Amino acid sequence: MNIGYVLRSWFKIRGRSLEQVSFAARRLAGIIMALYFLAHVIDISTVVLGKDVYNAFLGVFTSPPAILVDLFLWAALVIHGVLGLYSLIVEMGIMVEKRKTLLAISWVTIVLLFLMGTWVIMYVF
């Protein structure tokens with residue numbers, strides 16, 4: 001199977017249910033978090049190059065583009081976490097008959113948590 005076709009099919013929303021789109025969003029959020037983890041390991045490893053190099057590299061994380069990356073990561077964490085809880089509940093057989101309502105509640109929760117986290121990232125830190 002062609003990997004490009006498979007990856008493009010994740011982003012085809014037309015004709016898909018909210019459950020299918022949510023599953024793809026959770027999968028994509030997991031990939032984003034894994035890539036961030038790899039970047040974080042590389043970031044932390046700069047400490048072996050010396051204090052000056054590490055401090056210079058940390059300066060990158062306080063720039064406006066880095067704050068945008070933080071917001072993107074926060075969105076990935078919230079999406080992956082909340083939809084993961086949704087999947088756990090449904091797969092355990094709890095609320096299966098009300099799964100559409102639960103999914104709607106999950107997306108409302110995602111939006112609220114994202115907005116609260118955005119406020120914290122923008123104004124508290």
Side-chain angles (χ1 to χ4, degrees):
M1 183 174 280
N2 182 356
I3 191 74
Y5 171 77
V6 171
L7 292 176
R8 281 190 306 276
S9 70
W10 286 4
F11 300 103
K12 290 183 181 176
I13 295 175
R14 178 175 281 162
R16 303 267 174 112
S17 71
L18 184 58
E19 284 183 302
Q20 291 171 320
V21 172
S22 298
F23 180 76
R26 184 168 57 104
R27 184 186 300 172
L28 182 62
I31 291 169
I32 289 167
M33 289 187 313
L35 292 173
Y36 179 82
F37 176 72
L38 178 64
H40 184 65
V41 169
I42 292 169
D43 161 41
I44 295 299
S45 67
T46 60
V47 77
V48 299
L49 299 174
K51 186 177 181 178
D52 294 334
V53 174
Y54 181 71
N55 287 335
F57 201 71
L58 281 181
V60 171
F61 292 107
T62 58
S63 65
I67 293 172
L68 187 63
V69 170
D70 283 346
L71 292 173
F72 196 60
L73 177 65
W74 174 242
L77 287 166
V78 170
I79 289 169
H80 193 75
V82 173
L83 293 178
L85 288 174
Y86 163 79
S87 294
L88 175 76
I89 291 168
V90 172
E91 291 297 321
M92 288 178 60
I94 303 169
M95 295 184 67
V96 173
E97 62 280 351
K98 302 238 185 225
R99 70 179 187 269
K100 289 185 180 185
T101 303
L102 183 61
L103 187 58
I105 291 168
S106 297
W107 277 103
V108 168
T109 303
I110 287 168
V111 170
L112 291 175
L113 287 173
F114 177 73
L115 291 174
M116 288 178 359
T118 299
W119 183 82
V120 170
I121 290 169
M122 298 297 290
Y123 300 110
V124 176
F125 290 116

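This chain uses plain numbering: 1 for the first residue, then up along the sequence. Everything numeric in this text was worked out from a predicted model, so none of it was measured.
Cluster annotation: Leu88 and Leu113 are assigned to the same hydrophobic cluster (Ile/Leu/Val/Met/Phe/Trp/Tyr, side-chain heavy-atom contacts under 4.5 Å, transitive). No chain of hydrophobic side-chain contacts below 4.5 Å, direct or via other Ile, Leu, Val, Met, Phe, Trp or Tyr residues, connects Leu73 to Leu38. Under a hydrophobic clustering in which Ile, Leu, Val, Met, Phe, Trp and Tyr are joined whenever their side-chain heavy atoms come within less than 4.5 Å, directly or via other members, Leu102 and Leu18 fall into the same cluster. Tracing side-chain contacts under 4.5 Å through hydrophobic residues (I, L, V, M, F, W, Y), one never reaches Leu68 starting from Ile121; they form parts of separate clusters. Using a 4.5 Å cut-off between side-chain heavy atoms of Ile, Leu, Val, Met, Phe, Trp and Tyr, with links allowed through other members, Met116 and Phe114 fall into the same hydrophobic cluster.
Applying the salt bridge (charged side-chain N to carboxylate O under 4.0 Å, His left out) definition to pairs two or more places apart or across chains, those involving residues 93-113 are Glu19-Arg99.
When the side-chain hydrogen bond (donor to acceptor under 3.5 Å, both in side chains) test is applied to Ser87, the partners found at least two apart in sequence or on another chain are Arg26. Residues forming a side-chain contact (heavy atoms from CB on, under 4.5 Å) with Ile110 (at least two apart in sequence, or on another chain): Val78, Ile79, Val82, Leu83, Trp107. Qualifying side-chain hydrogen bond (donor to acceptor under 3.5 Å, both in side chains) partners for Arg27, counting only residues two or more places apart in sequence or in other chains: none.
Partner of Met92 under the side-chain contact (heavy atoms from CB on, under 4.5 Å) criterion, out of Ile94, Val90, Ile89: Ile94 alone.
Residue Phe37 shares its hydrophobic cluster (ILVMFWY side chains chained together at separations under 4.5 Å) with Val41.
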Name each donor-acceptor pair under 3.5 Å that joins a side chain in residues 46-53 to protein atoms two or more places apart or in another chain, with its distance.
unit_1: Thr46; atom_1: OG1; unit_2: Asp43; atom_2: O; d: 2.6

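The aromatic rings of His40 and Tyr36 lie parallel to each other, their planes meeting at an angle below 30°, with 60° marking the opposite boundary.
Looking only at side-chain heavy atoms (C-beta outward), Trp74 and Asp70 stay at 4.5 Å or farther from each other.
Annotation for His80 and Ala29: closest pair CB-CB, 3.9 Å, computed over non-hydrogen atoms.
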